[in-house]
Amino acid sequence: MSATAAVIDRMAGCESPRLREIMTSVVTHLHAVIREVEPTQEEWLAAIAFLTDTGKICDDKRQEFILLSDTLGVSMLADAINNRKPSGATESTVLGPFHVAGAPPRTMGDTISLDGKGDPAWVSGRVLDLDGNPIEGACLDVWQSSSEGAYDVQDPDQPDMNLRGLFTTGKDGRYYFRTVRPSSYPVPTDGPVGGMLTALGRHPMRPAHIHFIVGAPGFEPVTTHVFVAGDPYLDSDAVFGVKSSLVEPFVETDDSARASELGLANPFYVAGHDFVLARQAEAD
């Protein structure tokens, strides 16, 4: 009996068919990798050390295993499998490692930039169903990096919950808020995943974007981004998260009267994106 067959045979008593199915596949493919590459003992121990270090660097503000999954394209593959959408619905992309539960509720038109650092921006749009009707009561969980490319949980100089907020649509399905134009930024490179990217000759950059989780009662939620058109890293995102339908222009606008009306400094950037949700029955 082969080593692979012996391990799989030992799982015969597993009471969960799904767990047995998953672990049979994991063992089969992991053994196949070992047979194909024939690692030395030193290489195998280096792999164990890599996974150990990945676990050690994780805490309540940093999830290196998510970053590992993201940079290997696994997160986007799992996302594609688990988020098949009807035609016309907003496409999903990776959650990323910097989402924080409990963002503060905000009123439409509020700013999510608590320190005001960066180029001011006005972001707006609608939340619609597949027939183009506005969705009342849709919640948008919004977060982004600063103009310097860091999230509040990475940067002790930023206020807590900076560039985060929850917005709820009214009858017109519209959302709008003030923020700063996001910038492209590197994923964390001071841990094992950063070392892996360097060893593989890959850059760590993500194109500029704003994160959204959009949901409403009776509708399938979507986790997605809005990317900044023209960013140099759109075609080489370190986590493979870009989809063309999610790219929008951030248009520089020089209009002091409009800026005053919106509560922004002039000049400012304007961006828009409509989110389309499928009803739960349509998604199923």
Side-chain angles (χ1 to χ4, degrees), residues 60-63 66 83 89-90 92-129 133-148 150-182 208-228 246 248 250 259-265 268-280 283:
D60 60 339
K61 293 185 177 179
R62 177 166 181 171
Q63 233 305 343
I66 291 180
N83 291 285
T90 294
S92 60
T93 188
V94 294
L95 175 68
F98 298 115
H99 178 257
V100 174
R106 303 193 189 279
T107 301
M108 289 298 177
D110 279 355
T111 183
I112 61 173
S113 176
L114 304 183
D115 58 11
K117 295 181 179 178
D119 296 324
W122 177 260
V123 179
S124 64
R126 300 171 297 169
V127 182
L128 307 170
D129 66 18
N133 301 308
I135 300 176
E136 181 180 5
C139 179
L140 298 94
D141 186 349
V142 183
W143 72 102
Q144 67 171 85
S145 68
S146 69
S147 59
E148 297 179 350
Y151 292 85
D152 58 341
V153 294
Q154 297 176 288
D155 182 2
D157 293 331
Q158 291 186 44
D160 287 343
M161 293 294 175
N162 190 39
L163 296 166
R164 299 179 187 272
L166 299 176
F167 297 88
T168 302
T169 60
K171 291 183 179 180
D172 60 2
R174 293 192 174 276
Y175 73 91
Y176 44 93
F177 59 90
R178 290 171 287 153
T179 184
V180 294
R181 186 181 185 274
H209 60 274
I210 301 176
H211 294 263
F212 291 85
I213 299 176
V214 186
F219 290 84
E220 186 76 12
V222 62
T223 298
T224 193
H225 299 6
V226 172
F227 293 94
V228 178
L246 304 177
E248 297 287 1
F250 277 61
S260 178
E261 179 184 339
L262 298 176
L264 294 169
F268 59 99
Y269 286 87
V270 174
H273 188 82
D274 290 344
F275 298 97
V276 179
L277 304 183
R279 294 187 183 275
Q280 185 66 57

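Values reported hereafter were calculated over all heavy atoms of this structure, with side chains retained and with hydrogens, waters and symmetry mates removed.
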**Student:** Does CG belonging to Asn133 count more than 12 external heavy atoms closer than 6.0 Å?
**Tutor:**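 Counting other residues, nucleotides and ligands, CG of Asn133 exceeds 12 neighbours.
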
**Student:** Answer yes or no: is there a side-chain heavy-atom contact under 4.5 Å between Val222 and Leu277?
**Tutor:** yes

**Student:** Within this structure, what is the CG-CG distance for the pair Leu140 and Leu166, rounded to the nearest 0.5 Å?
**Tutor:** 9.0 Å

**Student:** When you compare the side chain of Gln158 with that of Asp115, does any pair of heavy atoms fall below 4.5 Å?
**Tutor:**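 A side-chain contact under 4.5 Å exists here.
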
**Student:** May I have the step-by-step check of side-chain contact (heavy atoms from CB on, under 4.5 Å) for Tyr269 and Asp119, ending in yes or no?
**Tutor:** CA-CA 7 Å; Tyr269 286 87; Asp119 296 324; 3.7 Å; yes

**Student:** Quick check: do Thr169 and Phe167 have side-chain heavy atoms less than 4.5 Å from each other?
**Tutor:**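 Sidechains of Phe167 and Thr169: no contact.
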
**Student:** Look up atom CH2 in Trp143 and atom OG1 in Thr179, then write down how far apart they are to the nearest 0.5 Å.
**Tutor:** 13.5 Å

**Student:** Check the orientation of Phe212 and Phe177. Use parallel for under 30°, tilted for 30 to 60°, and perpendicular for over 60°.
**Tutor:** tilted

**Student:** State, yes or no, whether a side-chain contact exists between Thr93 and Thr224 at a heavy-atom distance under 4.5 Å.
**Tutor:** yes

**Student:** Which of these passes side-chain hydrogen bond (donor to acceptor under 3.5 Å, both in side chains) with Asp141: Arg164, His99, His211?
**Tutor:** His99

**Student:** With rounding to the nearest 0.5 angstrom, report the OG1 to OH distance, Thr107 to Tyr176.
**Tutor:** 9.5 Å

**Student:** Does Ile112 reach the side chain of Val142, with side-chain heavy atoms less than 4.5 Å apart?
**Tutor:**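 Side chain of Ile112 against side chain of Val142, heavy atoms only: contact under 4.5 Å found.
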
**Student:** For Phe250 and Pro182, which heavy atoms make the closest approach, and how far apart are they?
**Tutor:**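 Residues Phe250 and Pro182, closest heavy atoms: CE2-CD, 3.8 Å.
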
**Student:** Testing the basics here: between Ser146 and Leu163, what is the closest heavy-atom pair and its distance to 0.1 Å?
**Tutor:**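 Residues Ser146 and Leu163, closest heavy atoms: CA-CD1, 3.4 Å.
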
**Student:** To the nearest 0.5 Å, tell me how far Lys117 NZ sits from Asp155 CG.
**Tutor:** 7.5 Å

**Student:** Looking only at non-hydrogen atoms, find the nearest pair between Ser145 and Tyr151 and report the distance.
**Tutor:**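 Shortest heavy-atom separation between Ser145 and Tyr151 comes out as N-CE2, 3.4 Å.
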
**Student:** Out of curiosity, Gln154 CD to Glu148 CD, how far, rounded to the nearest 0.5 Å?
**Tutor:** 12.0 Å

**Student:** Would you mind reporting whether Leu264 and Thr111 have side-chain heavy atoms less than 4.5 Å apart?
**Tutor:** no

**Student:** Please round to the nearest 0.5 Å and tell me the distance separating atom CG of Leu128 and atom CZ of Phe219.
**Tutor:** 10.0 Å

**Student:** Over all heavy atoms of both residues, which pair between Pro159 and Leu114 is shortest? Give the atoms and the distance, please.
**Tutor:**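 Scanning both residues completely, I find the closest heavy atoms to be CG-CB, 4.0 Å.
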
**Student:** For Ile213, is there any backbone N or O sitting under 3.5 Å from a side-chain donor or acceptor partner on Thr223?
**Tutor:**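 Answer holds: no.
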
**Student:** Minimum heavy-atom separation for Arg178 and Gly109, please, with both atom names.
**Tutor:** NE-O, 2.8 Å

**Student:** Can you confirm whether Val94 sits close enough to His225 that some side-chain heavy atom of one is under 4.5 Å from a side-chain heavy atom of the other?
**Tutor:** yes

**Student:** I want to check something: taking the side chain as every heavy atom from C-beta on, are Phe98 and Asp152 in contact at a cut-off of under 4.5 Å?
**Tutor:**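 Sidechains of Asp152 and Phe98: no contact.
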
**Student:** Grab the two heavy atoms, one from Val180 and one from Ala121, that are nearest each other, plus how far apart they are.
**Tutor:** C-CB, 4.0 Å

